[in-house]
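Take a look at the structure below.
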Amino acid sequence: MRIEKSLVVKSTPAAVWAFLSDPHRVARMLPGAAIQEQIDPQTYAGTMTVKVGPISTSYRGQMRFERLDAAAGVAELVASGQDVRGKGGAEVRMTSHVVERAPGETEVTFVSDLNVSGILAQMGRGMIEQVGDQMFQIFADAARVELEGDAARSGVTPNAPGATGAPGAPDAPRAPGVAAASAAEPIQMVSFGAKLMVGAMGRAVRRPIFWVVAVAVVVMLVWLIRR
Amino acid sequence: MIPAEFDYHAPSTLSDAIALLSGLGEDAKILSGGQSLLPLLKLRLGQVGHLVDLSHVPGLEYIKEEEGFLKIGGATRESMLERTPLIASKYPILLDTARVIADPIVRNRATVGGNLAHGDPANDHPATMLALGAAVVSHGPKGERTIPIAQFFTGIFSTALAHDEILTEIRIPIPPARSGGAYVKLERKVGDFATAGVAVYVALGQNGTVEQAGIGLTNVGPMPVKAAEAERYLVGKKPDAAVIAETARLAAKATAPTADRRGAVDYKREMARVLTMRALKSALERAGGK
Amino acid sequence: MATHQIRVTVNGNVLEAEVESRLLLVHLIRENLRLTGTHIGCDTTHCGACTVLLDGEPVKSCTVLAVQADGREVMTVEGLEKDGKLDPVQEGFMQEHGLQCGFCTPGMLMTSYALLKRNANPTEVDIREAISGNLCRCTGYVNIVKSIQYAAAQPR
Amino acid sequence: MALKTTPEVSGMGHSMKRKEDPRFIRGQGRYVDDVVLPGMVYMDIVRSPYAYAKIKAIHTEKALKVPGVLAVITGETLKGFNLHWMPTLMSDTQMVLPVDTVMYQAQEVAAVIATSRYAAADGVDAVEVDYEPMKPVMDPFKALEPGATVLRTDKEGKKDNHIWHWEAGDRADTDKAFKEAAVVVKQDIYIPRIHVASIETCGCVADFDRTNTHLTVYMTTQAPHAIRTVFALVAGHVGLSEEKIRIISPDIGGGFGGKVPVYPGYVIAVAASVVLGKPVKWIEDRMENLQADSFARDYHMTAELGATRDGTMTALRIKTIADHGYTDAAANPSKYPAGLFSICTGSYDIKHAFTEMDAAYTNKPPGGVAYRCSFRVTEAVHAIERMVDVLAQELKMDPAELRFKNFIPPEKFPYHSVLGWEYDSGNYPAALHKAMDMIGYADLRKEQAEKRARGELMGIGISSFTEIVGAGPSKDFDILGIKMFDSCEIRIHPTGKAIARFGTKSQGQGHETTYAQIVAEELGIPASAVQVEEGDTDTAPYGLGTYASRSTPVAGAAGAMAARKIREKAKKIAAHLLEVSEEDLVWEVGKFSVKGAPQKFKTIQDIAFAAYTNHPQGMEAGLEAVSYYDPPNLTFPFGSYICVVDIDRGTGAVKIRRFVAVDDCGNIINPMIVDGQIHGGLSMGMAPSLFEEISYDENGNNTAGSFMDYLMPGSMETPNWETGKTVTPSPHHPLGAKGVGESATVGAPPAIVNAVVDALAHLGVRHI
């Protein structure tokens, strides 16, 4: 499935680019992640543990930059991982775009194509998407702290111009819930993409008739009422 | 489906239970009714080193009115809520809620405290407790504390409880005269999680205006949803058809559902609206305001 | 591997066993005690084939640990017939064709038995609600409802 | 039908209480998981989380260190015995365990054998598999597009995902009829993939005795004899010989078609038992059952119906894409890759019809088995019964009126359908009239009109289906070459009691009772004194098994024929005892008496005793017979169902208010059991209409892989079914009976869908 996110930080495009193209720095913003080795200039291996309440999943895998175009501000990476207990895996292809919105204000847009396989995708009942949102929120907040420095930490811009996370998501990097380790812990990560391995997924399913009816009726009634 | 190995502990006092949890650390998990936790362990979606069973800790199963509150012990079974006359007569919203959780056999094991402490946005009690303005009492190594329900849920499957804190009681303010609440759940079949669920509580003044309002929603966001804007809107108004409709619209606005087999995002939002209307009407009726 | 010495009364007989922490009650019943009337149908508390009574209340024994039954009373389908006399729910299922393949039947019987203990004169809705956590793939429930009504009508 | 026998004898037509119930209500049934053998070990299976992936490595070291784990079996292990692939019933091939590629999520990847269930599960967790995921092909339409990833690279020269093309009828003639039709309606109809989900999952205990090279397998199978032959054919080269294979199908906790196939798990368990020399038990859990076992349906149909302005149907055309998963492992008779789909002209006298189908490989589990339905008849009935309503809507005709206008008239039976079937008997108007009377059709239409005026949503749906069951005549029907006869062997004991053994296997249908009633009807021996046995290949006569509503039409007929053979011999003995010639004897239930001297008679019990103690010189002793019955035709049960639904305007929730089912299955053996079959069938007809669907996301994840999402209806979701009967006997069945186990599953879905569409029709909805 496709996920689009954006993040605006009070920082220069160059600083943001330097951050985004350094997996080790990005890693520190992502709870539960650890880079284990650099395989070649573009490829890194690592692990990532996502813990949601009593459910925990550890992935190991690789992240590879397929394109790093500083001039255009475009980075493209592919990350893939496999659940260490053989229960599934995920792959994400993510393109990020760094654009200056105003002097000292930079917007990063992320477009990801995510494929998740295994029990979490089967039984996550929409939860994966929400976990992804929360994780993005944590990442975004942590990235803002990293890039904006003390201003963010003091809470001046805690939630705005925030990431497009879900309403009700925790608004601080120390928010519990998603991750076992908090973002502040100076370890771990696989890649920017890896966190999205558990990010959203949509299901193009044909539902049993009841649900088709349900949706059809409601849509129709809404339409009739509005007409 | 067979769980991975763990060790089981059955402390006989609350302080032993807390001590065990503190001593064993994050690797220990509280076993209350077990109706959510054991399936997770059987699926091996989660793994724990230790389970600390609360069923041998006395005094955690009760339903009583005391000191201006309805007090429900943390380990009170859902089936006890269903069968307690006080609940049926005075707290029908709790009966509404208990009766649509899982199925009757599961409710013989499942506990009210577990339903809240599991932190699952698809569970039903959170919405009801949000509507009722309940508070959660917990015991941990640092003693007792009371957490307002609005601050209890902190993320998907996560709550304000520390890992070694035990939810021991739920406190619901005893409702004034001319008040009422209702919980309405849309489910695909018995035993299913809600497509959407809405709990509404209202208290009416002498002239029929709404003096207090609580609205909580189930499974339409990463956490149980408190429809604060809708609540604020409703308070001080005479609940006529237009007000009911607007309240429902605002409640639906507060949701952030994700698409799954239960329906698309728009459908779920619409269900939040429709069910809010229904729950609000029912709550008003029960409050005597028709 | 952590084990526990437990003492459980099953159908009136006191049994002692050493069990692993994670042993499920249904496996204690089926494998350790060889009472195979209790079945496993779904593992996720949806089907109710494993329903037994724990201190008189129906529970899904695939989602209860054996060690949790320590010091308590378990009743299974094998405990329904007393002194060669069938329980009225057993009679009812036979008379009203309340079973076909028989796989869900023990769980249905235990739920029905507990219902009638609590409510001697259930309405059809009471019955349908009570068995709503027990799935049957064969009968369409019509005759199961009749079977329980038959049992309720028996003099006690 | 007038009763011929007393309640004490309980022949046909008696609602005899079931003989199998005393053990089930005591928890004394014996299902596969109840079988425990000395030294038995347990098997659990490692399954693929990916729908399509290369297997780079399987690491078994950690698993082998788990206490209690004895062995890990992989595709490489089986390859050593050339057992890693097996044939399917449709002459395709299927992996037992993969060597290099997995083709669907939850496919078997390796098996762990351990001393306990718990250790086996731990072992499964400890097996590490390195996969290289590939993009799965999930959509059968995309699978058939040029350039699609070719999935079956194991098949030499295979360049696409097309499995087969099948057609029936005259294309040109039908095209012409459509050109001439005044009205043509067209509709895409998808029947989703579903799963029978019997409450008992599949499993087996395989017990190989090395000393005697003898294999006994206790297994959840609806067709034990055919399975024995399959095992002999698949594993003959490793020393399994058919006389040394014994398949025992004990009590079966529901089958519905899902226990016909040979699943890899069975074969792996057998292999494991051969390798280890110990009994091996394998019982799947519910998720494995829903995710890996054979599915049903998954037909994407485009149907067209042509008619005159006044509503006379003239032409039918249906084009179907069938999603078969990664291999065609459907359970159909060999000649019928699309089953009996060509029954799709249904209950209507349609003169021109053509239907074609293409089957595709996708990255889904294999199958194409029944879901309580005879070989794709549900799909066919759904198509025609939906199209009739679509046409009625187009013509603004009442759907009942349109049906009456087009029914095959009762006087036209036996009726030759344009797609080649000979319908044995039927009276369709009678069934629909009865259903309309029972439900109060005219009043409901009035109520509906009033409700529409108030903005309420209420719908009435009709389905007047024709089933085709009882496969089948040997000239056309075989499975793996074995003709689809069935069998019965009856032995009468000296004291006049009997044992009757059949080639079928009950999974809840009550054969122990109904077969006994057939013998009682034919011989007058009380059904209570007839012991019925099935399911043990060492003792029962060879038969093709129980599925597709074939037990009564085929094995039941064999029972009657075997009993009649016994009666022939009994007549000779009676003539000997009464000292009269055979021509002077008349048979009444349970005795031969002398014509004109009814006081002179010998009961079947007298005769049975004489068969062992005083039989005529020159005659062999004993009183027994075997019949292998080859039916001259299929049977065509039918019915008319009417469903009333109310739809919640706010939520769209559909509630079935009433459902009347009038069935005609010819002469009835046990009315109580028939009603039970109808109730169950209706529930399984409702389930996929409103609740159940196996669905996949684009990555091949099965999103209905447990009972959390595969929504099997419970007591609160299931309405109080109302049943009625008409009786139109089959002219060719010895008892005039037809199969009934699946009629309701076949007939109910269109009634429900038609009702839902009807509730919304005034808003412009034509199909859902």
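Proteins get letters first, then strands, A, B, ... in listed order; numbering begins at 1 in each.
- A salt bridge does not link R261(B) to D192(B): none of the charged side-chain nitrogens sits closer than 4.0 Å to a carboxylate oxygen.
- Interface remark: of the candidates S79(B), P39(B), P3(B), G33(B), P3(B) forms the most heavy-atom pairs closer than 4.5 Å to chain C.
- With respect to the salt-bridge test (charged N to carboxylate O, under 4.0 angstrom), the residues K71(B) and E65(B) do not qualify.
- Using a cut-off of 4.0 Å between Lys/Arg side-chain N and Asp/Glu carboxylate O, E187(B) and R262(B) are scored as not salt-bridged.
- The parts of E129(C) that come within reach of chain B are both its backbone and its side chain, each placing non-hydrogen atoms under 4.5 angstrom from that chain.
- If you tally non-hydrogen atom pairs under 4.5 Å between each of L65(C), I40(C), T51(C), N134(C) and chain B, the highest count goes to L65(C).
- A donor and an acceptor atom, one from each side chain of E169(B) and Y62(B), are located under 3.5 Å apart.
- Classification of the H9(B)-H50(B) ring pair by plane angle, with boundaries at 30° and 60°, yields tilted.
- Interface summary for chain B: among P58(C), A2(C), G48(C), the most heavy-atom pairs under 4.5 angstrom belong to P58(C).
- With a 4.5 angstrom heavy-atom cutoff, R99(B) touches chain C only via side-chain atoms.
- Donor-acceptor pairing under 3.5 Å is recorded for the side chains of E18(C) and T3(C).
- In this structure, the ring of H118(B) has its center less than 6.0 angstrom from the ring center of F157(B).
- Of the two parts of L135(C), only the side chain, counted from C-beta on, holds a non-hydrogen atom closer than 4.5 Å to a non-hydrogen atom of chain B.
- In this structure, chain B has no heavy atom under 4.5 Å from any part of R128(C).
- Interface remark: L54(C) contributes side-chain atoms only to the contact with chain B (heavy atom separation under 4.5 Å).
- At a 4.5 Å heavy-atom cutoff, the contact between T111(C) and chain B is made by side-chain atoms alone.
- Neither the backbone nor the side chain of A102(B) comes within less than 4.5 Å of any heavy atom in chain C.
- Contacts of D53(B) with chain C are made by side-chain atoms alone, with heavy-atom separations under 4.5 Å and no backbone atom involved.
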